[in-house]
S.K.: 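Handing you this structure, nothing more for now.
What you are looking at is a predicted structure, and each value in this text was computed from that prediction instead of being measured. For the single chain, residues carry numbers from 1 onward in sequence order.
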Amino acid sequence: MKVFTAALMAAALTLAAPAHAGPQSIDVSIDDIQFHNPAIRIGQGFDLKAGDGTREVLVIGGDARIAGRVERDVVVILGKAQIESTAVIEGSLVVIGGTVAAADGARVHHDLFIIGGFEGSPAFTPGGNHVVIGTSAMGAWFRGIVPWLTHGLLLGRPIVPWLSWVWMAAGIFFLVNLLLNVVFDVPVRAITITLRATPLSTFMTGLLVMLLLGPVCFLLAVSVVGIAVIPFLLCALLIAAVLGRIAFARWIGMSVVHQEDDSSRAASFRSFAIGSAIMCVAYMIPVLGLITWAMAGVFGLGAATLAFFSAYRRENPKKPKEPKVAKEPKVTNDPQPVTLPAAPMAFSAVEPPLAAALPNGGAMPMEAAVPREGGSYATPLIAMPRARFIERLAAFALDFILIVIVAQALRLDPYSDAPLGRLGIVLAVAYHVGFWTWKGTTLGGIICQLRVVRTDGGPLHFAEALVRGLTGIFSLVVVGLGFLWVLRDPESQAWHDRVAGTYVVKVPRAYPI
(Lines give C-alpha, C1' and ligand atoms only; values in the text may rest on other atoms or scores of the structure.)
Protein backbone atom coordinates (compact mmCIF):
# COMPACT_ATOMS: atom_id res chain seq x y z
CA MET A 1 0.00 0.00 0.00
CA LYS A 2 2.87 2.35 0.77
CA VAL A 3 4.42 1.62 -2.63
CA PHE A 4 1.11 2.36 -4.40
CA THR A 5 0.68 5.63 -2.43
CA ALA A 6 4.24 6.72 -3.23
CA ALA A 7 3.68 6.02 -6.93
CA LEU A 8 0.47 8.14 -6.94
CA MET A 9 2.29 11.01 -5.21
CA ALA A 10 5.12 10.89 -7.77
CA ALA A 11 2.60 10.96 -10.64
CA ALA A 12 0.74 13.89 -9.08
CA LEU A 13 3.94 15.89 -8.63
CA THR A 14 4.86 15.25 -12.25
CA LEU A 15 1.46 16.45 -13.55
CA ALA A 16 1.45 19.46 -11.24
CA ALA A 17 4.85 20.75 -12.39
CA PRO A 18 4.82 23.83 -14.59
CA ALA A 19 5.09 23.29 -18.34
CA HIS A 20 8.15 25.53 -18.63
CA ALA A 21 10.08 23.76 -15.86
CA GLY A 22 13.16 21.74 -16.83
CA PRO A 23 13.87 18.13 -15.91
CA GLN A 24 13.78 17.48 -12.17
CA SER A 25 15.13 14.56 -10.11
CA ILE A 26 12.56 12.79 -7.94
CA ASP A 27 13.60 10.47 -5.09
CA VAL A 28 11.09 7.85 -4.06
CA SER A 29 11.66 6.79 -0.46
CA ILE A 30 10.12 3.77 1.20
CA ASP A 31 10.58 3.58 4.95
CA ASP A 32 13.21 6.34 4.64
CA ILE A 33 15.40 4.08 2.38
CA GLN A 34 16.33 5.28 -1.12
CA PHE A 35 16.91 2.65 -3.85
CA HIS A 36 19.29 3.60 -6.64
CA ASN A 37 20.80 1.78 -9.63
CA PRO A 38 22.84 -1.43 -9.08
CA ALA A 39 26.29 -0.88 -7.53
CA ILE A 40 29.11 -2.39 -9.60
CA ARG A 41 32.76 -2.00 -8.52
CA ILE A 42 35.79 -3.56 -10.26
CA GLY A 43 39.15 -3.19 -8.58
CA GLN A 44 37.78 -1.04 -5.74
CA GLY A 45 35.59 -1.37 -2.66
CA PHE A 46 31.96 -0.44 -1.98
CA ASP A 47 30.39 0.95 1.22
CA LEU A 48 26.62 0.96 1.72
CA LYS A 49 25.88 3.02 4.81
CA ALA A 50 23.02 2.46 7.24
CA GLY A 51 19.79 3.98 6.01
CA ASP A 52 20.83 3.77 2.36
CA GLY A 53 19.61 1.19 -0.13
CA THR A 54 20.52 -0.17 -3.54
CA ARG A 55 19.08 -2.65 -5.95
CA GLU A 56 22.02 -5.12 -6.00
CA VAL A 57 25.78 -5.14 -5.42
CA LEU A 58 28.60 -6.65 -7.52
CA VAL A 59 32.21 -6.16 -6.37
CA ILE A 60 35.19 -7.77 -8.20
CA GLY A 61 38.66 -7.45 -6.71
CA GLY A 62 37.60 -5.30 -3.78
CA ASP A 63 35.89 -5.34 -0.37
CA ALA A 64 32.22 -4.63 0.28
CA ARG A 65 30.74 -3.22 3.50
CA ILE A 66 26.97 -3.54 3.71
CA ALA A 67 25.16 -1.67 6.47
CA GLY A 68 22.00 -0.67 4.57
CA ARG A 69 19.33 -2.48 2.58
CA VAL A 70 19.91 -4.39 -0.70
CA GLU A 71 16.83 -5.26 -2.71
CA ARG A 72 18.39 -8.22 -4.53
CA ASP A 73 21.72 -10.13 -4.32
CA VAL A 74 25.19 -9.21 -3.10
CA VAL A 75 28.10 -10.83 -5.03
CA VAL A 76 31.73 -10.34 -4.00
CA ILE A 77 34.56 -11.98 -6.02
CA LEU A 78 38.13 -12.02 -4.65
CA GLY A 79 37.29 -9.75 -1.74
CA LYS A 80 35.83 -9.52 1.76
CA ALA A 81 32.17 -8.91 2.56
CA GLN A 82 31.54 -7.09 5.86
CA ILE A 83 27.85 -7.44 6.79
CA GLU A 84 26.88 -5.08 9.63
CA SER A 85 24.11 -5.60 12.16
CA THR A 86 21.84 -3.11 10.37
CA ALA A 87 22.25 -4.80 6.98
CA VAL A 88 19.27 -6.38 5.23
CA ILE A 89 19.87 -8.38 2.02
CA GLU A 90 16.58 -9.34 0.37
CA GLY A 91 18.29 -11.79 -2.00
CA SER A 92 21.35 -14.03 -1.61
CA LEU A 93 24.91 -13.37 -0.48
CA VAL A 94 27.61 -14.95 -2.71
CA VAL A 95 31.33 -14.61 -1.99
CA ILE A 96 33.90 -16.38 -4.22
CA GLY A 97 37.55 -16.33 -3.24
CA GLY A 98 37.16 -14.24 -0.10
CA THR A 99 35.71 -14.12 3.39
CA VAL A 100 32.47 -13.04 5.04
CA ALA A 101 32.27 -11.28 8.40
CA ALA A 102 28.66 -11.08 9.58
CA ALA A 103 27.60 -9.25 12.76
CA ASP A 104 24.68 -10.06 15.07
CA GLY A 105 21.40 -8.84 13.64
CA ALA A 106 22.47 -8.99 9.98
CA ARG A 107 19.81 -10.58 7.79
CA VAL A 108 20.08 -12.51 4.50
CA HIS A 109 16.65 -13.61 3.31
CA HIS A 110 17.81 -16.21 0.80
CA ASP A 111 20.96 -18.32 0.34
CA LEU A 112 24.51 -17.86 1.63
CA PHE A 113 27.24 -19.35 -0.61
CA ILE A 114 30.93 -18.87 0.21
CA ILE A 115 34.13 -20.25 -1.35
CA GLY A 116 36.66 -19.07 1.17
CA GLY A 117 36.06 -18.42 4.86
CA PHE A 118 33.20 -17.41 7.18
CA GLU A 119 33.83 -15.26 10.28
CA GLY A 120 30.26 -14.59 11.27
CA SER A 121 28.47 -14.86 14.58
CA PRO A 122 27.05 -18.28 15.50
CA ALA A 123 23.65 -16.64 15.79
CA PHE A 124 23.74 -15.53 12.17
CA THR A 125 21.55 -17.73 9.98
CA PRO A 126 20.43 -17.00 6.41
CA GLY A 127 16.89 -17.60 5.24
CA GLY A 128 17.88 -20.21 2.66
CA ASN A 129 20.79 -22.61 2.18
CA HIS A 130 24.04 -22.06 4.06
CA VAL A 131 27.06 -23.38 2.05
CA VAL A 132 30.67 -22.59 3.03
CA ILE A 133 33.66 -24.19 1.27
CA GLY A 134 37.15 -23.52 2.64
CA THR A 135 38.63 -21.64 5.58
CA SER A 136 39.50 -18.06 6.45
CA ALA A 137 43.14 -18.66 5.50
CA MET A 138 41.98 -19.87 2.11
CA GLY A 139 39.88 -16.75 1.64
CA ALA A 140 42.80 -14.50 2.64
CA TRP A 141 45.04 -16.31 0.14
CA PHE A 142 42.51 -15.73 -2.62
CA ARG A 143 42.32 -12.04 -1.71
CA GLY A 144 46.12 -11.81 -1.99
CA ILE A 145 45.87 -12.73 -5.67
CA VAL A 146 44.03 -9.50 -6.46
CA PRO A 147 47.13 -7.21 -6.45
CA TRP A 148 48.90 -9.69 -8.74
CA LEU A 149 45.98 -9.64 -11.13
CA THR A 150 45.69 -5.84 -11.22
CA HIS A 151 49.40 -4.92 -11.15
CA GLY A 152 50.82 -8.03 -12.81
CA LEU A 153 48.65 -9.95 -15.21
CA LEU A 154 46.75 -6.95 -16.54
CA LEU A 155 50.08 -5.19 -17.19
CA GLY A 156 51.58 -8.23 -18.91
CA ARG A 157 54.20 -9.28 -16.35
CA PRO A 158 54.31 -12.49 -14.26
CA ILE A 159 56.34 -11.00 -11.38
CA VAL A 160 55.16 -8.02 -9.31
CA PRO A 161 58.27 -6.80 -7.41
CA TRP A 162 56.56 -5.66 -4.17
CA LEU A 163 54.53 -8.84 -3.57
CA SER A 164 56.43 -11.17 -1.24
CA TRP A 165 54.46 -14.30 -2.08
CA VAL A 166 55.32 -13.87 -5.78
CA TRP A 167 59.03 -14.00 -4.92
CA MET A 168 58.42 -17.10 -2.82
CA ALA A 169 56.69 -18.78 -5.76
CA ALA A 170 59.49 -17.69 -8.11
CA GLY A 171 62.09 -19.11 -5.71
CA ILE A 172 60.28 -22.46 -5.55
CA PHE A 173 60.10 -22.63 -9.35
CA PHE A 174 63.81 -21.81 -9.60
CA LEU A 175 64.77 -24.57 -7.14
CA VAL A 176 62.61 -27.13 -8.94
CA ASN A 177 64.05 -26.15 -12.33
CA LEU A 178 67.57 -26.27 -10.89
CA LEU A 179 66.98 -29.80 -9.60
CA LEU A 180 65.59 -30.90 -12.98
CA ASN A 181 68.54 -29.23 -14.72
CA VAL A 182 70.95 -31.37 -12.68
CA VAL A 183 69.01 -34.65 -12.80
CA PHE A 184 68.09 -34.50 -16.50
CA ASP A 185 71.32 -32.95 -17.71
CA VAL A 186 71.58 -35.14 -20.84
CA PRO A 187 68.10 -34.46 -22.32
CA VAL A 188 68.31 -30.76 -21.37
CA ARG A 189 71.72 -30.57 -23.09
CA ALA A 190 70.26 -32.18 -26.23
CA ILE A 191 67.36 -29.70 -26.24
CA THR A 192 69.78 -26.79 -25.76
CA ILE A 193 71.97 -27.95 -28.67
CA THR A 194 68.89 -28.25 -30.88
CA LEU A 195 67.72 -24.79 -29.84
CA ARG A 196 71.12 -23.27 -30.53
CA ALA A 197 71.53 -25.01 -33.92
CA THR A 198 68.05 -24.41 -35.39
CA PRO A 199 66.20 -21.62 -33.55
CA LEU A 200 63.80 -20.86 -36.41
CA SER A 201 62.84 -24.51 -36.86
CA THR A 202 62.25 -24.90 -33.14
CA PHE A 203 59.96 -21.86 -33.06
CA MET A 204 57.89 -23.10 -36.00
CA THR A 205 57.74 -26.61 -34.53
CA GLY A 206 56.56 -25.23 -31.18
CA LEU A 207 53.74 -23.31 -32.87
CA LEU A 208 52.78 -26.39 -34.88
CA VAL A 209 52.65 -28.61 -31.78
CA MET A 210 50.41 -26.15 -29.92
CA LEU A 211 48.11 -25.78 -32.93
CA LEU A 212 47.79 -29.54 -33.45
CA LEU A 213 47.28 -30.45 -29.79
CA GLY A 214 43.54 -29.76 -29.84
CA PRO A 215 42.74 -31.55 -33.15
CA VAL A 216 44.89 -34.57 -32.21
CA CYS A 217 43.15 -34.92 -28.83
CA PHE A 218 39.80 -34.57 -30.60
CA LEU A 219 40.65 -37.32 -33.11
CA LEU A 220 41.85 -39.59 -30.29
CA ALA A 221 38.65 -38.97 -28.35
CA VAL A 222 36.49 -39.67 -31.42
CA SER A 223 38.25 -42.98 -31.98
CA VAL A 224 37.22 -44.03 -28.41
CA VAL A 225 40.21 -46.39 -28.23
CA GLY A 226 42.55 -43.40 -28.20
CA ILE A 227 40.96 -41.85 -25.10
CA ALA A 228 43.43 -43.79 -22.95
CA VAL A 229 46.32 -42.21 -24.88
CA ILE A 230 45.27 -38.59 -24.18
CA PRO A 231 46.56 -38.44 -20.55
CA PHE A 232 49.93 -39.87 -21.58
CA LEU A 233 50.13 -37.38 -24.45
CA LEU A 234 49.38 -34.44 -22.17
CA CYS A 235 51.93 -35.64 -19.59
CA ALA A 236 54.57 -36.00 -22.30
CA LEU A 237 53.88 -32.47 -23.55
CA LEU A 238 54.02 -31.12 -19.99
CA ILE A 239 57.43 -32.75 -19.40
CA ALA A 240 58.65 -31.48 -22.77
CA ALA A 241 57.49 -27.93 -21.95
CA VAL A 242 59.20 -27.92 -18.52
CA LEU A 243 62.51 -29.30 -19.82
CA GLY A 244 62.27 -26.96 -22.80
CA ARG A 245 61.97 -23.90 -20.53
CA ILE A 246 65.04 -25.05 -18.60
CA ALA A 247 66.94 -25.46 -21.87
CA PHE A 248 65.73 -22.02 -22.99
CA ALA A 249 67.20 -20.46 -19.82
CA ARG A 250 70.47 -22.33 -20.39
CA TRP A 251 70.53 -21.14 -24.01
CA ILE A 252 70.06 -17.51 -22.92
CA GLY A 253 72.86 -17.88 -20.38
CA MET A 254 75.36 -19.39 -22.82
CA SER A 255 74.50 -16.66 -25.33
CA VAL A 256 75.61 -14.06 -22.77
CA VAL A 257 78.65 -15.97 -21.44
CA HIS A 258 80.10 -18.38 -23.97
CA GLN A 259 80.20 -21.99 -22.83
CA GLU A 260 83.18 -23.92 -24.20
CA ASP A 261 82.17 -27.45 -23.23
CA ASP A 262 78.52 -28.47 -23.55
CA SER A 263 79.08 -31.56 -21.41
CA SER A 264 80.47 -29.62 -18.41
CA ARG A 265 77.91 -29.66 -15.59
CA ALA A 266 79.50 -26.66 -13.86
CA ALA A 267 79.37 -24.57 -17.04
CA SER A 268 75.78 -25.72 -17.67
CA PHE A 269 74.79 -24.69 -14.14
CA ARG A 270 76.38 -21.27 -14.71
CA SER A 271 74.52 -20.80 -18.00
CA PHE A 272 71.22 -21.86 -16.41
CA ALA A 273 71.69 -19.46 -13.47
CA ILE A 274 72.56 -16.50 -15.74
CA GLY A 275 69.67 -17.23 -18.08
CA SER A 276 67.20 -17.60 -15.19
CA ALA A 277 68.32 -14.26 -13.72
CA ILE A 278 67.86 -12.51 -17.08
CA MET A 279 64.42 -14.04 -17.54
CA CYS A 280 63.45 -13.04 -13.98
CA VAL A 281 64.35 -9.42 -14.70
CA ALA A 282 62.37 -9.54 -17.95
CA TYR A 283 59.35 -10.96 -16.09
CA MET A 284 59.16 -7.78 -13.99
CA ILE A 285 58.86 -5.46 -17.02
CA PRO A 286 55.30 -4.85 -18.27
CA VAL A 287 54.44 -6.46 -21.63
CA LEU A 288 58.02 -7.71 -22.08
CA GLY A 289 57.49 -10.15 -19.22
CA LEU A 290 54.50 -11.79 -20.89
CA ILE A 291 56.32 -11.92 -24.26
CA THR A 292 59.35 -13.56 -22.63
CA TRP A 293 57.15 -16.13 -20.89
CA ALA A 294 55.34 -17.00 -24.14
CA MET A 295 58.54 -17.19 -26.23
CA ALA A 296 60.18 -19.48 -23.66
CA GLY A 297 57.22 -21.83 -23.92
CA VAL A 298 57.14 -21.93 -27.72
CA PHE A 299 60.91 -22.27 -28.18
CA GLY A 300 61.21 -24.83 -25.40
CA LEU A 301 58.36 -27.03 -26.64
CA GLY A 302 59.63 -26.92 -30.23
CA ALA A 303 63.22 -27.75 -29.25
CA ALA A 304 62.10 -30.62 -27.02
CA THR A 305 60.00 -32.07 -29.84
CA LEU A 306 62.82 -31.88 -32.39
CA ALA A 307 65.32 -33.36 -29.90
CA PHE A 308 62.94 -36.25 -29.22
CA PHE A 309 62.58 -37.10 -32.90
CA SER A 310 66.34 -36.85 -33.41
CA ALA A 311 66.94 -39.30 -30.56
CA TYR A 312 64.26 -41.61 -31.95
CA ARG A 313 65.90 -41.65 -35.39
CA ARG A 314 69.26 -42.46 -33.81
CA GLU A 315 67.79 -45.40 -31.91
CA ASN A 316 65.73 -46.61 -34.87
CA PRO A 317 67.73 -45.79 -38.01
CA LYS A 318 66.29 -46.48 -41.43
CA LYS A 319 67.50 -49.60 -43.16
CA PRO A 320 70.11 -48.73 -45.79
CA LYS A 321 69.03 -49.29 -49.36
CA GLU A 322 70.60 -52.28 -51.02
CA PRO A 323 73.00 -51.20 -53.79
CA LYS A 324 72.00 -52.18 -57.28
CA VAL A 325 74.24 -54.87 -58.72
CA ALA A 326 75.02 -54.44 -62.41
CA LYS A 327 74.25 -57.43 -64.58
CA GLU A 328 77.30 -59.22 -65.92
CA PRO A 329 77.51 -59.26 -69.72
CA LYS A 330 77.01 -62.52 -71.47
CA VAL A 331 80.22 -64.31 -72.38
CA THR A 332 80.40 -65.41 -76.03
CA ASN A 333 82.63 -68.02 -77.61
CA ASP A 334 83.83 -65.56 -80.22
CA PRO A 335 87.60 -65.20 -79.67
CA GLN A 336 87.63 -61.78 -81.28
CA PRO A 337 86.91 -59.01 -78.71
CA VAL A 338 84.22 -56.54 -79.55
CA THR A 339 85.46 -52.96 -79.71
CA LEU A 340 82.88 -50.22 -79.23
CA PRO A 341 83.30 -46.95 -81.11
CA ALA A 342 84.45 -43.94 -79.07
CA ALA A 343 81.70 -41.66 -80.39
CA PRO A 344 78.04 -42.38 -79.51
CA MET A 345 76.00 -43.85 -82.29
CA ALA A 346 72.47 -45.04 -82.76
CA PHE A 347 71.79 -48.69 -82.21
CA SER A 348 70.20 -48.90 -85.61
CA ALA A 349 73.63 -48.34 -87.14
CA VAL A 350 75.37 -51.09 -85.12
CA GLU A 351 76.43 -54.08 -87.13
CA PRO A 352 74.67 -57.36 -86.37
CA PRO A 353 77.76 -58.96 -84.77
CA LEU A 354 78.06 -56.02 -82.37
CA ALA A 355 74.35 -56.04 -81.59
CA ALA A 356 74.52 -59.74 -80.88
CA ALA A 357 77.37 -59.19 -78.45
CA LEU A 358 75.43 -56.59 -76.40
CA PRO A 359 73.02 -57.66 -73.67
CA ASN A 360 69.39 -58.25 -74.64
CA GLY A 361 70.25 -58.31 -78.27
CA GLY A 362 71.35 -54.66 -78.37
CA ALA A 363 68.29 -53.17 -76.61
CA MET A 364 69.10 -50.26 -74.25
CA PRO A 365 67.09 -50.01 -71.00
CA MET A 366 64.86 -46.93 -71.08
CA GLU A 367 64.54 -44.25 -68.35
CA ALA A 368 61.42 -43.34 -66.38
CA ALA A 369 60.33 -40.84 -69.01
CA VAL A 370 59.03 -43.72 -71.13
CA PRO A 371 56.12 -45.66 -69.64
CA ARG A 372 55.94 -49.40 -69.53
CA GLU A 373 53.10 -51.40 -70.97
CA GLY A 374 49.93 -50.79 -69.02
CA GLY A 375 50.69 -47.12 -68.28
CA SER A 376 53.04 -47.57 -65.27
CA TYR A 377 56.50 -46.03 -65.00
CA ALA A 378 59.81 -47.71 -64.30
CA THR A 379 60.83 -45.08 -61.68
CA PRO A 380 58.48 -44.85 -58.63
CA LEU A 381 56.85 -41.55 -57.66
CA ILE A 382 59.06 -41.12 -54.61
CA ALA A 383 62.13 -40.90 -56.88
CA MET A 384 60.62 -38.03 -58.87
CA PRO A 385 61.94 -34.50 -58.22
CA ARG A 386 60.23 -32.52 -55.47
CA ALA A 387 57.76 -29.89 -56.58
CA ARG A 388 58.83 -26.27 -56.23
CA PHE A 389 56.89 -23.70 -54.23
CA ILE A 390 55.73 -21.76 -57.30
CA GLU A 391 54.35 -24.96 -58.86
CA ARG A 392 52.45 -25.86 -55.71
CA LEU A 393 51.13 -22.30 -55.46
CA ALA A 394 49.86 -22.45 -59.05
CA ALA A 395 48.06 -25.74 -58.40
CA PHE A 396 46.54 -24.34 -55.19
CA ALA A 397 45.31 -21.24 -57.06
CA LEU A 398 43.63 -23.38 -59.73
CA ASP A 399 41.93 -25.54 -57.10
CA PHE A 400 40.84 -22.43 -55.19
CA ILE A 401 39.22 -20.93 -58.29
CA LEU A 402 37.42 -24.20 -59.00
CA ILE A 403 36.12 -24.48 -55.41
CA VAL A 404 34.90 -20.86 -55.46
CA ILE A 405 33.00 -21.48 -58.71
CA VAL A 406 31.33 -24.61 -57.33
CA ALA A 407 30.55 -22.90 -54.02
CA GLN A 408 28.89 -19.97 -55.81
CA ALA A 409 26.85 -22.37 -57.93
CA LEU A 410 25.69 -24.28 -54.85
CA ARG A 411 25.26 -21.08 -52.80
CA LEU A 412 27.84 -22.26 -50.26
CA ASP A 413 29.62 -18.91 -49.97
CA PRO A 414 29.92 -17.61 -46.40
CA TYR A 415 27.96 -14.42 -47.18
CA SER A 416 24.93 -16.28 -48.47
CA ASP A 417 21.68 -16.52 -46.49
CA ALA A 418 21.13 -20.11 -47.62
CA PRO A 419 21.03 -22.80 -44.90
CA LEU A 420 24.22 -24.36 -46.25
CA GLY A 421 25.98 -21.03 -46.67
CA ARG A 422 28.69 -21.88 -44.14
CA LEU A 423 29.78 -25.20 -45.69
CA GLY A 424 32.35 -23.81 -48.12
CA ILE A 425 35.26 -25.01 -45.99
CA VAL A 426 33.69 -28.48 -45.82
CA LEU A 427 33.49 -28.55 -49.61
CA ALA A 428 37.18 -27.58 -49.89
CA VAL A 429 38.33 -30.29 -47.47
CA ALA A 430 36.11 -32.93 -49.08
CA TYR A 431 37.40 -31.99 -52.56
CA HIS A 432 41.08 -32.30 -51.60
CA VAL A 433 40.70 -35.43 -49.46
CA GLY A 434 38.59 -37.16 -52.10
CA PHE A 435 40.94 -36.43 -55.00
CA TRP A 436 44.07 -37.28 -52.97
CA THR A 437 42.57 -40.63 -52.04
CA TRP A 438 41.31 -41.34 -55.57
CA LYS A 439 44.06 -40.03 -57.82
CA GLY A 440 46.85 -38.86 -55.50
CA THR A 441 46.39 -35.30 -56.77
CA THR A 442 43.76 -32.66 -57.54
CA LEU A 443 42.63 -31.11 -60.80
CA GLY A 444 45.07 -28.27 -60.27
CA GLY A 445 47.80 -30.80 -59.54
CA ILE A 446 47.02 -32.65 -62.78
CA ILE A 447 47.36 -29.44 -64.76
CA CYS A 448 50.64 -28.53 -63.02
CA GLN A 449 51.95 -32.14 -63.21
CA LEU A 450 52.05 -32.71 -59.45
CA ARG A 451 51.40 -35.86 -57.44
CA VAL A 452 51.23 -36.54 -53.69
CA VAL A 453 53.01 -39.66 -52.41
CA ARG A 454 53.77 -41.01 -48.96
CA THR A 455 57.33 -40.88 -47.67
CA ASP A 456 57.55 -44.67 -47.92
CA GLY A 457 56.63 -44.53 -51.60
CA GLY A 458 53.09 -45.84 -51.24
CA PRO A 459 49.90 -44.13 -52.43
CA LEU A 460 47.76 -42.04 -50.10
CA HIS A 461 44.96 -43.75 -48.20
CA PHE A 462 41.94 -41.99 -46.79
CA ALA A 463 43.44 -41.62 -43.31
CA GLU A 464 46.60 -39.88 -44.56
CA ALA A 465 44.56 -37.71 -46.93
CA LEU A 466 42.19 -36.65 -44.11
CA VAL A 467 45.07 -35.78 -41.75
CA ARG A 468 46.77 -33.84 -44.55
CA GLY A 469 43.59 -31.92 -45.31
CA LEU A 470 42.84 -30.98 -41.68
CA THR A 471 46.40 -29.92 -40.90
CA GLY A 472 46.46 -27.97 -44.15
CA ILE A 473 43.85 -25.68 -42.59
CA PHE A 474 46.28 -24.83 -39.77
CA SER A 475 49.09 -24.28 -42.28
CA LEU A 476 46.85 -21.67 -43.90
CA VAL A 477 45.40 -19.89 -40.86
CA VAL A 478 48.79 -19.04 -39.29
CA VAL A 479 49.39 -16.38 -41.96
CA GLY A 480 50.36 -19.13 -44.41
CA LEU A 481 53.55 -20.03 -42.51
CA GLY A 482 52.83 -23.73 -42.99
CA PHE A 483 52.89 -23.32 -46.78
CA LEU A 484 55.88 -20.97 -46.78
CA TRP A 485 57.81 -23.66 -44.92
CA VAL A 486 58.35 -25.29 -48.35
CA LEU A 487 60.86 -22.54 -49.21
CA ARG A 488 63.32 -23.57 -46.50
CA ASP A 489 62.59 -27.27 -45.98
CA PRO A 490 65.26 -29.58 -47.49
CA GLU A 491 62.57 -31.95 -48.81
CA SER A 492 60.22 -29.11 -49.87
CA GLN A 493 57.63 -30.26 -47.34
CA ALA A 494 54.97 -28.01 -45.84
CA TRP A 495 53.75 -28.43 -42.27
CA HIS A 496 50.87 -30.68 -43.34
CA ASP A 497 53.30 -32.77 -45.43
CA ARG A 498 55.46 -33.40 -42.37
CA VAL A 499 52.47 -34.28 -40.20
CA ALA A 500 50.88 -36.62 -42.77
CA GLY A 501 54.24 -38.02 -43.99
CA THR A 502 53.91 -37.03 -47.65
CA TYR A 503 55.91 -35.53 -50.51
CA VAL A 504 54.67 -33.49 -53.48
CA VAL A 505 56.59 -34.49 -56.62
CA LYS A 506 56.81 -33.28 -60.20
CA VAL A 507 55.94 -35.93 -62.80
CA PRO A 508 56.58 -35.98 -66.58
CA ARG A 509 53.97 -34.45 -68.85
CA ALA A 510 52.91 -37.82 -70.26
CA TYR A 511 52.47 -39.39 -66.82
CA PRO A 512 49.16 -41.29 -66.70
CA ILE A 513 46.36 -39.93 -64.53
S.K.: Please report the shortest heavy-atom distance between Met384 and Lys506, naming the atom on each side.
M.R.: CB-O, 3.5 Å

S.K.: Can you tell if the side chain of Leu381 reaches within under 4.5 Å of the side chain of Val507, non-hydrogen atoms only?
M.R.: yes

S.K.: Using side chain to side chain contact (heavy atoms under 4.5 Å, CB included) as the criterion, point out the one residue from Trp495, Trp485, Phe203 that pairs with Leu208.
M.R.: Trp495

S.K.: Do Thr442 and Val452 have side chains that approach each other closer than 4.5 Å (heavy atoms only, starting at C-beta)?
M.R.: no

S.K.: For His151 and Arg157, which heavy atoms make the closest approach, and how far apart are they?
M.R.: O-NE, 2.9 Å

S.K.: Taking the basic N atoms (NZ, or NE/NH1/NH2) and the acidic carboxylate oxygens, is any pair closer than 4.0 Å for Arg386 and Asp489?
M.R.: no

S.K.: Could you tell me if the side chain of Tyr503 sits less than 4.5 Å from the side chain of Asp497, heavy atoms only?
M.R.: no

S.K.: Roughly how far, to the nearest 0.5 Å, is CH2 of Trp436 from CZ of Arg451?
M.R.: 14.0 Å

S.K.: Pick one: which of Trp251, Phe184, Phe174 meets ring pair (Phe, Tyr, Trp, His ring centres under 6.0 Å) with Phe272?
M.R.: Phe174

S.K.: Write down the atom of Ala247, the atom of Thr192, and the distance for their closest heavy-atom approach.
M.R.: CB-OG1, 3.4 Å

S.K.: Can a side-chain donor-acceptor contact be found between Arg488 and Ser201 if the only test is distance below 3.5 angstrom?
M.R.: yes

S.K.: Going by heavy atoms in the side chains, are Leu450 and Arg392 under 4.5 Å from each other?
M.R.: yes

S.K.: Please verify the inter-ring angle class for Trp438 with Phe435; under 30° counts as parallel, over 60° as perpendicular, anything in between as tilted.
M.R.: tilted

S.K.: Is there a donor-acceptor contact under 3.5 Å from the side chain of Trp148 to the main chain of Pro158?
M.R.: yes

S.K.: Given Thr502, which of Arg468, His496, Arg454 fulfils the side chain to side chain donor-acceptor pair (under 3.5 Å) condition?
M.R.: Arg468

S.K.: Please determine which of Leu207, Leu301, Thr194, Ile191 meets the side chain to side chain contact (heavy atoms under 4.5 Å, CB included) test together with Thr202.
M.R.: Thr194

S.K.: Give, for atom CG of Leu484 and atom CZ of Phe389, the distance between the pair rounded to the nearest 0.5 Å.
M.R.: 5.0 Å

S.K.: Evaluate the side-chain proximity of Leu470 to Pro215: yes if any heavy-atom separation is below 4.5 Å, no if none is.
M.R.: no

S.K.: CE/Met279 to CD1/Ile252 distance, rounded to the nearest 0.5 angstrom?
M.R.: 7.5 Å

S.K.: Which heavy atom of Thr292 sits nearest to which heavy atom of Ala282, and what is that distance?
M.R.: OG1-CB, 3.6 Å

S.K.: So, do Leu398 and Leu402 sit near enough that their side-chain heavy atoms are less than 4.5 Å apart?
M.R.: no

S.K.: Of all the heavy-atom pairs spanning Asp185 and Arg189, show the shortest one and how long it is.
M.R.: OD2-NH2, 2.6 Å

